[in-house]
Amino acid sequence: MIKGKHLIEVNDFSLEEIEDLLDFADTIIQDQSKYAGLCKGNLIATLFYEPSTRTKFSFESAALRLGAKVIGFADAMTSSVSKGESLVDTIQTISCYADLIVMRHPKEGAPRLASKYSQVPIINGGDGGHQHPTQTLTDLLTIRALKGSLSNLTIGLCGDLKFGRTTHSLTKTMLRYPDIRFIFISPEELRISEYIKEEIGRDRYEETNSLDNNIGKLDILYMTRIQKERFFSEQEYLRLKGYYILDNNKMRMAKKDMIVMHPLPRVNEIAAEVDHDDRAVYFKQARYGMYIRMALIAKMLGKGE
Ligand code: NCD
């Protein structure tokens with residue numbers, strides 16, 4: 001039962017709870033109109049201290065499609081944060097108004113702190129380079145729907161694995177499923193964090209710079225953008241920005257049933273020509289993101305069947 005729980009990282013939920021959520025999202029996909037009034041009378045707050053398109057809009061669309069109402073800000077400087085109000089005070093106040101709070105924050109650990117002071121469930125919509133659990137739930141729903149299972153897969157994660165929270169989050173979660181192998185593809189400077197590698201164990205991952213030499217082994221290629229806003233120097237960012245560009249030439253080396261995922265936004269790491277390849281599923285993934293958030297909101301409010 002996830003009713004009343006916070007979601008700060010996916011591991012806050014058991015595998016049964018995750019499966020239950022994925023199943024409920026699938027049920028919603030079958031007949032969305034049936035759930036149009038499920039959360040009527042509920043109010044969701046979205047507090048975004050960092051920019052967002054998909055996470056914020058998909059949460060808001062999900063809430064509105066369930067009949068809930070939404071309040072919030074997309075720029076903390078339009079709130080009392082600009083007067084110097086602390087996160088803890090903002091949360092204590094908003095949790096008097098809303099039934100559920102979705103927040104994104106540049107500081108790692110901010111949602112965990114917020115959860116200690118909130119009277120209502122908190123959903124982490126991304127904290128710094130740390131975790132992004134609802135993106136991971138989106139990814140799980142996408143993988144299960146398009147690959148048929150969450151086990152026995154070789155997953156290549158490519159790009160900025162150091163600062164990217166989506167890859168940290170996805171890796172930690174996929175580790176819990178059987179027969180998952182990871183290939184981490186990144187420049188030396190943007191290698192995935194040591195603590196993640198330690199958790200995985202040496203026999204389950206490879207680390208490499210080369211997308212060309214590895215793309216043919218993959219069931220899933222998870223592309224990510226270089227996280228400009230987390231770099232200390234513009235020069236360093238510019239140097240690494242064009243490191244990987246997935247184009248049709250590279251796609252020719254991939255398996256016929258490999259899928260290409262990306263949490264989006266894309267900058268230049270996937271050429272637009274790849275969008276026409278059936279294996280490119282990143283926009284479908286964005287749609288799955290709305291359905292899993294519908295399931296999540298409903299279940300956290302104790303409304304899902
Ligand atoms: C990601 C994020 O914010 O971490 N975007 C998203 O929520 N889909 C990925 C990114 O910004 O690169």
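One-based numbering, in listed order, for ligands and for the atoms of each. Everything numeric in this text was worked out from a predicted model, so none of it was measured.
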Using 4.0 Å as the upper bound for N to carboxylate O, is an ion pair formed by R112 and D127?
no
Applying a strict 4.0 Å limit to heavy atoms, is P265 in contact with ligand 1?
yes
If you count the non-hydrogen atoms of other residues, nucleotides and ligands that lie under 6.0 Å from NZ in K107, is the total more than 12?
no
Is there at least one pair of N or O atoms, one from P263 and one from ligand 1, spaced under 3.5 Å apart?
yes
Enumerated ligand 1 atoms positioned under 4.0 Å from heavy atoms of L264:
1 (C), 5 (N), 6 (C), 8 (N), 9 (C)
Does any N or O of ligand 1 fall below 3.5 Å from an N or O anywhere on R225, backbone included?
yes
Compute the minimum heavy-atom distance from R104 to ligand 1 and say whether it is under 4.0 Å.
yes
Any pair counted as ring pair (Phe, Tyr, Trp, His ring centres under 6.0 Å), so long as it reaches residues 3-23, sequence neighbours left out
none
Protein contact of atom 4 (O) of ligand 1 - nearest heavy atom, named by residue and atom, plus distance
R165 NE, 2.7 Å
Parallel under 30°, tilted from 30 to 60°, perpendicular over 60°: which one fits the rings of Y205 and F184?
tilted
Residue pair F163, Y237: steps toward the ring pair (Phe, Tyr, Trp, His ring centres under 6.0 Å) verdict:
CA-CA 12 Å; F163 296 115; Y237 166 70; over 10 Å; no
Name the orientation class of the two ring planes belonging to H105 and Y49 (parallel below 30°, tilted from 30 to 60°, perpendicular beyond 60°).
tilted
Close-contact set for ligand 1 against T55 heavy atoms, below 4.0 Å:
6 (C), 7 (O)
What protein heavy atom sits nearest atom 7 (O) of ligand 1, and how far off is it?
H132 NE2, 2.7 Å
